[in-house]
Structure formats: C-alpha cells, structure tokens
Amino acid sequence: QVQLVESGGGLVQAGGSLRLSCAASVRTFSVYAMGWFRQAPGKEREFVAGVSGSGGSTYYADSVKGRFTISRDNAKNTVYLQMNSLKPEDTAVYYCAVDRVPLGTVVPTRPSLFASWGQGTQVTVSS
C-alpha cells in the first residue's frame with residue numbers, strides 16, 4: 001500500500017495563506033492522479049482538489065475554486081495545495097490520496113475512488 005504524509009497545516013487568520021504538501025512513496029508516482037480532501041468534525045469527507053498524473057489537468061470543488069491551487073512535482077513524489085484567501089469554513093483536517101487506477105483519464109472526486117490516504121494535517125482559520 002502507498003504511504004502518504006501530509007504537512008503544512010496550521011493556524012491562520014481569515015484571508016491568509018497556507019501551503020500543504022503530501023509526500024508519497026508511490027514508485028510510479030506520475031501515472032496516478034492525486035487528490036486533496038478535507039473533513040470537519042461531524043461531517044463527511046469532501047473533495048477539495050485533484051490533479052492528473054502529469055499535472056496537466058486539475059479539478060476543484062466550487063467552494064475553493066479561484067482560491068486554492070493543486071500542483072505536483074513528480075521528481076519529488078509530492079503534491080501540493082496552495083490555499084489563499086482562507087475562510088473560517090475552510091477549517092478541517094486535510095488529507096491527500098492516491099487514485100486507485102493508474103493512467104486514469106479523469107481526475108476522480110469521490111473518496112471511494114482513491115486507494116490510499118495520509119494521516120491528515122489540521123488547518124484552522126480564525127476570523
């Protein structure tokens with residue numbers, strides 16, 4: 001199973017920025033789409049952003065579109081989530097995940113379509 005480690009979370013005021021990182025142990029990292037999800041206490045895990053294996057295609061939840069940017073560095077087996085203009089409603093534990101299917105043509109958005117998950121990193125946005 002793939003090992004994932006998220007980092008970069010923390011406490012930030014509304015309007016501020018954070019950059020999350022996810023280091024993956026995937027041997028053929030570039031053939032897998034990657035996704036970021038978040039989960040607030042008592043709520044279901046929700047899709048935030050996804051990126052194709054090459055980094056050429058991205059997809060965002062409407063709630064973060066225009067504020068967050070997902071990217072990846074395949075040479076470093078790492079995916080990033082740049083979070084700008086943060087809002088209190090962005091507060092959650094953020095997780096990265098690896099697509100179940102290599103060489104996928106569509107960036108997945110459902111948690112069930114991902115094979116492995118990291119431990120999560122807490123993001124807290126104060127007003």
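Everything numeric in this text was worked out from a predicted model, so none of it was measured.
- With sequence neighbours left out, R100 forms a salt bridge (charged side-chain N to carboxylate O under 4.0 Å, His left out) with no residue at all.
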Under 3.5 Å, which donor-acceptor pairs do the side chains of residues 53-66 form with other protein atoms, sequence neighbours left out?
unit_1: S54; atom_1: OG; unit_2: G56; atom_2: N; d: 3.2
unit_1: Y60; atom_1: OH; unit_2: I70; atom_2: N; d: 2.9
unit_1: S63; atom_1: OG; unit_2: R38; atom_2: NH2; d: 3.4

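- By the side-chain contact (heavy atoms from CB on, under 4.5 Å) test, S17 is found to be paired with Q82, N84, residues two or more places apart in sequence or in another chain being considered.
- Here OG of S71 is found 11.5 Å from CE of M34. Values are rounded to the nearest 0.5 Å.
- Under the 4.5 Å side-chain heavy-atom criterion for grouping Ile, Leu, Val, Met, Phe, Trp and Tyr, V31 is connected to V26 within one hydrophobic cluster.
- Taking L86 as the reference, V12, L18, F68, M83, D90, V125 meet the side-chain contact (heavy atoms from CB on, under 4.5 Å) condition, with sequence neighbours excluded.
- In plain terms, the two heavy atoms of Y94 and L81 that are nearest each other are CD2-CD2, 4.1 Å.
- In this structure, the separation between CD on Q122 and OG1 on T91 is 7.0 Å, given to the nearest 0.5 Å.
- Residue pairs meeting the side chain to side chain donor-acceptor pair (under 3.5 Å) criterion with at least one partner in residues 18-33, sequence neighbours excluded, do not occur; the list is empty.
- If you chain together hydrophobic residues whose side chains sit under 4.5 Å apart, V48 and L20 fall into the same group.
- Q119 places a side-chain N or O within donor-acceptor distance of the main-chain N or O of E6, the cut-off being under 3.5 Å.
- Linking Ile, Leu, Val, Met, Phe, Trp and Tyr whenever their side-chain heavy atoms come within less than 4.5 Å leaves V106 and F114 in two separate clusters.
- Sorted by first then second residue, the disulfide (SG to SG under 2.5 Å) pairs that include residues 80-127, not counting sequence neighbours, are C22-C96.
- Atom CD of Q13 has 12 or fewer neighbouring heavy atoms from other residues, nucleotides or ligands inside a 6.0 Å radius.
- Among all heavy-atom pairs drawn from P111 and W117, the shortest one is O-CZ2, 3.4 Å.
- Among residues two or more places apart in sequence or in another chain, the side-chain hydrogen bond (donor to acceptor under 3.5 Å, both in side chains) test is passed with Q3 by none.
- Contact between A14 and S127 at its shortest, heavy atoms only, is CB-CA, 4.3 Å.
- Between the side chain of R72 and the backbone N or O of F29 there is at least one donor-acceptor pair closer than 3.5 Å.
- Note on W36 and L113: separate hydrophobic clusters, where clusters join Ile, Leu, Val, Met, Phe, Trp and Tyr whose side-chain heavy atoms are under 4.5 Å apart, directly or indirectly.
- Smallest separation of non-hydrogen atoms from A24 and L4: CB-CD2, 3.4 Å.
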